[in-house]
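So that the names make sense, note that chain A is the first sequence line, chain B the second, and so on, each numbered from 1.
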Amino acid sequence: MPAITLPDGSVRQFDGAVTGTDIAAAIGPGLARAALAMKLDGKLVDLSTTVAADASVMFITRKDEASLELIRHDAAHVLAEAVQELFPGTQVTIGPSIDNGFYYDFARNEPFTPNDLPTIEAKMREIIARNAKFSRSEIDRDEGIAFFEERGEKYKAQLIRDLPASETITLYKQGEWLDLCRGPHMRSTGDVGDAFKLMKVAGAYWRGDHRNAMLSRIYGTAWRDRKELDAYLTMLDEAEKRDHRRIGTDMDLFHLQEEAVGSVFWHPKGWMLWRKLEAYMRRRLDDNNYLEVRTPQMVDRTLWEKSGHWEKFRENMFIAQIDDESEKDRILALKPMNCPCHVQIFNTTLRSYRELPMRMAEFGACHRYEPSGALHGIMRVRGFTQDDAHIFCTEDQIASETVAFVELLSSIYRDLGFESFRVKFSDRPERRAGEDATWDKAENSLKDACREANVEYELNPGEGAFYGPKLEFVLRDAIGRDWQCGTLQVDFVLPERLDAEYVAEDGSRKRPVMLHRAILGSFERFLGILIEQYAGRFPLWLAPVQVVVAPIVSDANDYAQEVAAALRAAGVEVRTDLRNEKINAKIREHSLQHVPVILVVGRKEAEARTVAMRRLGGDAQEILDLATAVTNLAQEALPPDLKVA
RNA sequence: GCCGACAUAGCUCAGGGGUAGAGCAACUGAUUCGUAAUCAGUAGGUCCUCGGUUCAAUUCCGAGUGUCGGCACCA
């Protein structure tokens with residue numbers, strides 16, 4: 001006699017065990033038609049699930065966001081059926097729902113190509129039209145293994161083998177096709193609907209391990225209805241327009257070329273952007289008691305051997321050697337990071353606890369031989385500049401330094417237009433330096449510090465640096481890809497390896513802790529993110545060209561130059577456009593270049609000593625007298641940290 | 001590094017076994033014009049590189065390089 005509690009608090013009694021389908025039918029025909037699955041005591045299950053005891057039930061319909069995951073997961077099954085129908089001999093592996101869609105990984109001698117997608121998609125629509133019911137069944141573990149082995153599905157058999165012995169093995173069948181799957185699913189393939197699209201093919205390693213076979217992955221996107229699908233596709237189109245590589249070319253900010261793979265050629269406007277960001281960062285660090293240093297670009301391998309980087313990252317370092325017999329034993333590496341160099345400065349003299357925390361900063365140019373497939377525009381490059389710093393401190397200072405760092409980072413992100421960001425906590429990796437006790441200490445102090453700094457993080461197990469756990473501060477690019485920018489790493493290992501020490505209050509020698517930290521991460525990556533964040537429409541203080549003065553007639557040229565000179569003297573980045581072009585053309589071109597302010601001057605303005613100010617994105621003009629315009633713009637163009645409220 | 005796709009003018013792209021095309025940009029001339037494209041003209045190419053097939057290759061084939069989308073990697 002189960003009593004079913006519904007989300008509105010009402011309770012329904014049933015005479016015996018019932019399925020979700022029965023319950024929905026009892027509530028009403030509308031719900032019976034709409035229900036796709038249900039939450040049984042909070043757990044998402046099939047409608048066909050039998051309920052024999054008192055429970056709370058909530059039905060999931062297409063109106064619920066929760067249906068998206070079901071639609072996407074079912075779509076993955078339909079995709080797999082379509083592929084096996086079209087390409088016999090293809091093995092299935094796994095196919096989960098993901099953000100915005102789904103994928104399925106197939107094992108096949110010939111990988112799929114984009115040309116296969118329309119055919120597969122058509123077959124999927126056919127399968128959806130068949131509207132075959134999803135039916136769940138359980139199978140004994142050994143039977144399951146034998147069953148899939150016999151069908152030549154060795155990946156599925158392997159999946160069962162790797163499931164814990166206690167796990168119930170379930171199969172889902174749709175028509176004649178079936179798959180090993182935990183579920184849940186909707187009622188039938190027809191519930192997938194038509195708001196889906198196959199997007200791309202890609203290679204992916206079995207189990208995400210590069211030592212395994214490469215599978216052929218097909219990605220799709222799926223939504224509740226056409227409107228949602230179209231909105232998503234439109235969003236992708238829009239996102240493509242803010243791609244930093246495209247804007248970098250359009251706005252003439254930088255370029256990349258084959259002769260310097262993974263290194264950026266910054267053009268004048270792009271470099272202006274860099275300089276503004278760097279100047280801003282330098283002021284913020286100065287104000288927060290960092291000491292800026294500069295360390296060598298090339299350092300002998302012996303130092304990297306001591307630090308442990310040689311052993312772990314040797315293949316990823318650029319090695320320099322002199323072509324001269326007398327130098328044949330000297331091997332230098334372009335520095336891949338700055339930490340060992342900073343320790344060298346720390347070690348030049350005997351330090352006192354009174355000097356701690358010592359915050360040593362460097363805009364350090366580093367080189368890493370990144371795998372070719374990892375390169376991405378200016379976001380992942382081989383030559384980059386970190387806004388690096390190392391805080392030498394005592395164990396007791398870890399928490400307060402973390403709090404101060406998080407505050408500084410938040411404030412800087414806010415100034416740069418990022419109100420929110422995600423934080424990941426990466427703990428000890430498999431390959432690591434240092435004792436477990438040291439790691440316990442490092443992880444615990446970082447966790448404590450997070451608590452004190454009010455940082456909410458998601459755990460990222462096993463992803464820490466080889467010398468210590470880290471916090472990663474993650475920003476998202478235009479199309480939703482995540483990039484690690486800021487980081488804070490607690491390191492007890494390097495000070496030990498490089499023999500850093502200070503004299504404590506009691507006169508004893510102690511090891512400092514090193515906090516490795518960056519806020520932007522690298523200038524290249526951050527500028528890439530920044531370009532996408534603003535779609536090239538930078539706030540006035542960051543814009544590489546802040547103001548263009550555009551005369552309407554050549555009679556106003558002299559005045560235009562006078563206006564520009566006044567702005568330049570007030571610290572504004574200004575250009576004049578004296579070309580013999582119509583004002584419409586000038587407005588259009590500078591608007592396309594995302595210049596924030598255009599000052600139009602004609603005979604009237606020259607006569608009255610005023611300017612007609614036009615803001616990017618608007619078509620209104622404001623007439624101001626020259627002195628006021630200069631004062632206002634100069635004030636407005638100040639970086640956020642220099643602005644007086 | 002792995003799987004797949006792509007590489008033609010500064011940019012965006014079309015084309016195709018017989019010496020290559022458009023739009024925009026650039027350059028020259030004319031136009032002095034009031035808030036998102038004035039008109040006319042000119043110039044611009046190792047069709048990524050190397051090799052093969054062919055009477056002939058930018059086009060077909062192979063290798064390499066680079067880029068893009070994923071995967072793996074990211075001190």
Provide the distance between the two P atoms, one in B:G10 and one in B:G34, to the nearest whole Å. 36 Å

Pairwise P distance, B:G64 and B:G1 [rounded to whole Å]: 11 Å

I'd like to know if A:Arg614 reaches the base of B:A36 with its side chain such that a donor and an acceptor end up less than 3.5 angstrom apart. yes

Sticking with atom P, work out how far B:G21 lies from B:G15, rounded to a whole angstrom. 15 Å

Return the stacking result for B:A75 and A:Phe313: yes when the ring centres lie under 5.5 Å apart and the planes under 30°, no otherwise. yes

Tell me if the side-chain of A:Arg217 makes a donor-acceptor pair with the base of B:C71, cut-off 3.5 Å, by modelled atom types. no

From the list B:C3, B:A75, B:G70, which nucleotide is the closest neighbour of the side chain of A:Met337? B:A75

Sugar-phosphate, base or nothing in reach of A:Gly618, heavy atoms under 4.0 Å: nothing

Presence of A:Lys582 side-chain N/O under 4.0 Å of B:A36 phosphate oxygens OP1/OP2: no

Name the closest nucleotide to the A:Pro111 side chain, picking from B:C3, B:G1, B:A36. B:C3

Quick check on B:A37: is either OP1 or OP2 less than 4.0 Å from any side-chain nitrogen or oxygen of A:Asn584? yes

Nearest to the side chain of A:Ile587 - B:A36, B:G69, B:G34? B:A36

Please determine if a side-chain N or O atom of A:Arg603 lies less than 4.0 Å away from the OP1 or OP2 oxygen of B:C33. yes

Watson-Crick or G-U stems of RNA chain B, 3 or more pairs, under 3.5 Å, by first number: B:1-7 with B:65-71, B:10-13 with B:21-24, B:26-30 with B:38-42, B:48-52 with B:60-64

By nearest atom, which of the nucleotides B:A37, B:G34, B:C73 is closest to the A:Glu605 side chain? B:G34

Expressed as a whole number of Å, how far does the C1' atom of B:A75 sit from that of B:G4? 31 Å

Within the 4.0 Å heavy-atom criterion, would you say A:Asn316 contacts the bases, only the backbone, or no part of the nucleic acid? base

Using the rule given for ring pair (Phe, Tyr, Trp, His ring centres under 6.0 Å), can you reason through A:Phe106 versus A:Tyr104, listing the C-alpha separation, both sets of side-chain angles and the distance that settles it, and then say yes or no? CA-CA 6 Å; A:Phe106 300 98; A:Tyr104 209 110; 4.9 Å; yes

